[in-house]
Amino acid sequence: MGMEQPKAKAPYSLNSKKVADTTMEWLQKRGVKLNEIAELVMLLQQKYYPSLTMEECIHNVEQVLSKREVQNAVLTGIQLDILAEQGLLIPELQDMIINDEGLYGVDEILAFSIVNVYGSIGFTNYGYVDKLKPGILERLNDKSVGCNTFLDDIVGAIAASASSRIAHRKQAEREKERGEDTMDTDR
């Protein structure tokens, strides 16, 4: 008549593929298409690289989204937006997030965690698209469509990061063409 031992809980183990897939799924559920982010990248980089293609822009957006810290920021921001839509946050925080309070800067801080991976060009590009709010950012900023306080900044940061990635890659290509050693190939 022995007592059954409780089953030991398996230790937590990150499933990177599952997190990456979930990130893409939730961007789609929230109405964000990769080509719309790529359009922002094109806007940011076409002046400097006139032969830049949408395919290159989409590829660089995908590369940014393949980074774990980017996926973490995307999922965290989307979850906070959803909780705000459901009214499930602490009342004072709820009001700030649902109204996208100008003095509440945590949404930008989360976006900075993305651009931080790609250097100062990412920061300046992010600031530019965050102020201008072109394309998808204008739509995400429309308060009548739900709460995207975090998502609009995250999408801008992804575009700015992909833009920075292109700039670094193009510089590396030029250095290689001149037969120089290059440092910027792994971002």
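The shown structure was predicted, so the numbers you read here are calculated from the model rather than taken from an experiment. In what follows, every heavy atom counts, from backbone to side chain, and hydrogens, waters and symmetry copies are set aside.
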A.B. asks: With the 4.5 Å side-chain cut-off for hydrophobic clustering, are Y118 and I109 part of the same group?
C.D. replies: no
A.B. asks: When you measure from the side chain of K143 to the backbone N and O of N141, does any donor-acceptor pair fall under 3.5 Å?
C.D. replies: yes
A.B. asks: Look at the side chain of N99 and the backbone N and O of E101, then say whether any donor-acceptor pair between them is shorter than 3.5 Å.
C.D. replies: no
A.B. asks: Looking at A111 and A157, what are the two nearest heavy atoms and their distance?
C.D. replies: O-CB, 3.5 Å
A.B. asks: Thinking salt bridges, do K170 and E56 make one under a 4.0 Å N-O criterion?
C.D. replies: yes
A.B. asks: Quick check on the hydrophobic clustering: are L27 and I82 connected, directly or via other members, by side-chain heavy-atom contacts under 4.5 Å?
C.D. replies: yes
A.B. asks: Supply the atom-to-atom distance N125 CG to L40 CG, rounded to the nearest 0.5 angstrom.
C.D. replies: 10.5 Å
A.B. asks: With a 6.0 Å cut-off (strictly less than), is the heavy-atom count around CD of E138, excluding the residue itself, greater than 12?
C.D. replies: no
A.B. asks: Would you indicate whether the side-chain heavy atoms of V74 and I158 approach each other to under 4.5 Å?
C.D. replies: yes
A.B. asks: Less than 4.0 Å between a side-chain N and a carboxylate O, is that true for E69 and K67?
C.D. replies: no
A.B. asks: When rounded to the nearest 0.5 angstrom, what distance separates CD in E62 from CD1 in I37?
C.D. replies: 10.0 Å
A.B. asks: Identify the two heavy atoms, one from L43 and one from P134, that lie closest to each other, and give their separation to 0.1 Å.
C.D. replies: CD2-CG, 3.6 Å
A.B. asks: Would you please say whether a donor-acceptor pair under 3.5 Å links the side chains of R174 and Q171?
C.D. replies: yes
A.B. asks: Would a hydrophobic clustering, with Ile, Leu, Val, Met, Phe, Trp and Tyr connected at side-chain separations under 4.5 Å, put I166 with V117?
C.D. replies: yes
A.B. asks: Provide the closest heavy-atom pair for V145 versus R139 in the form atom of the first, atom of the second, distance.
C.D. replies: CG2-O, 4.5 Å
A.B. asks: Tell me which pairs pass side-chain hydrogen bond (donor to acceptor under 3.5 Å, both in side chains) where either residue lies in residues 42-51, with sequence neighbours left out.
C.D. replies: Q45-S163
A.B. asks: Keeping D81 on the side-chain end and L151 on the backbone end, is there a donor-acceptor pair under 3.5 Å?
C.D. replies: yes
A.B. asks: Is L14 atom CG crowded by more than 12 heavy atoms from other residues, nucleotides or ligands, each under 6.0 Å away?
C.D. replies: yes
A.B. asks: Does the side chain of V64 reach to within under 4.5 Å of the side chain of S66, using non-hydrogen atoms?
C.D. replies: no
A.B. asks: Counting distance only, does the side-chain N/O of T76 pair as donor-acceptor with the main-chain N or O of N72 below 3.5 Å?
C.D. replies: yes
A.B. asks: Could you check if a side-chain atom of I154 sits within less than 4.5 angstrom of a side-chain atom of V32, using non-hydrogen atoms only?
C.D. replies: no
A.B. asks: Is any NZ, NE, NH1 or NH2 atom of the basic residue among K29 and E25 found under 4.0 Å from an Asp or Glu carboxylate oxygen of the other?
C.D. replies: yes
A.B. asks: Salt bridge or not between E85 and R30? Use side-chain N to carboxylate O under 4.0 Å.
C.D. replies: yes
A.B. asks: Let me confirm one number: the OG1-CD1 distance from T23 to I78, rounded to the nearest 0.5 Å.
C.D. replies: 7.5 Å
A.B. asks: Is any side-chain heavy atom of T149 closer than 4.5 Å to a side-chain heavy atom of I98?
C.D. replies: no
A.B. asks: Do F150 and I97 have side chains that approach each other closer than 4.5 Å (heavy atoms only, starting at C-beta)?
C.D. replies: yes
A.B. asks: Hey, quick one: are V115 and L110 part of the same hydrophobic cluster, counting side-chain heavy atoms closer than 4.5 Å, chains of contacts allowed?
C.D. replies: no
A.B. asks: Could you walk me through whether L34 and L65 pass the side-chain contact (heavy atoms from CB on, under 4.5 Å) test, one step at a time?
C.D. replies: CA-CA 10 Å; L34 293 191; L65 283 165; 3.4 Å; yes
A.B. asks: Q79 versus L75: any side-chain heavy-atom pair under 4.5 Å?
C.D. replies: no
A.B. asks: Considering residues at least two apart in sequence or located in another chain, which fulfil the side-chain hydrogen bond (donor to acceptor under 3.5 Å, both in side chains) criterion with K9?
C.D. replies: none
A.B. asks: Filter on ring-ring contact (aromatic ring centres under 6.0 Å, His included), then keep only pairs touching residues 87-115, sequence neighbours left out; what's left?
C.D. replies: F112-F123, F112-Y126
A.B. asks: Would you check if the side chain of Q28 reaches a backbone N or O of K33 as a donor-acceptor pair within less than 3.5 Å?
C.D. replies: no
A.B. asks: Can you tell me how far apart OG1 (T22) and CD (Q71) are? Round to the nearest 0.5 Å.
C.D. replies: 9.0 Å
A.B. asks: What heavy-atom pair brings M42 and T53 nearest, and what distance separates the two atoms?
C.D. replies: CE-C, 3.5 Å
A.B. asks: How long is the gap from CG on L89 to CG on D95, to the nearest 0.5 Å?
C.D. replies: 10.0 Å
A.B. asks: Has S164 got a side-chain atom pairing as donor or acceptor with I121's backbone, closer than 3.5 angstrom?
C.D. replies: no
A.B. asks: How about CG on D181, more than 12 heavy atoms from neighbouring residues, nucleotides or ligands closer than 6.0 Å, or not?
C.D. replies: no
A.B. asks: Could you measure the distance from the CG atom of L140 to the CD atom of E36? Nearest 0.5 Å is fine.
C.D. replies: 8.0 Å
A.B. asks: Thinking salt bridges, do D152 and K133 make one under a 4.0 Å N-O criterion?
C.D. replies: yes
A.B. asks: Report yes if some heavy atom in the side chain of S161 is under 4.5 Å from a heavy atom in the side chain of V70; otherwise report no.
C.D. replies: no
A.B. asks: Tell me whether I58 is reachable from V41 by hopping between hydrophobic residues (I, L, V, M, F, W, Y) whose side-chain heavy atoms are closer than 4.5 Å.
C.D. replies: no
A.B. asks: Less than 4.5 Å apart, side chain to side chain, heavy atoms only: is that true for Q94 and L88?
C.D. replies: no
A.B. asks: Verify side-chain contact (heavy atoms from CB on, under 4.5 Å) between E39 and N35, making sure each step is shown before the conclusion.
C.D. replies: CA-CA 6 Å; E39 287 169 7; N35 68 311; 4.1 Å; yes
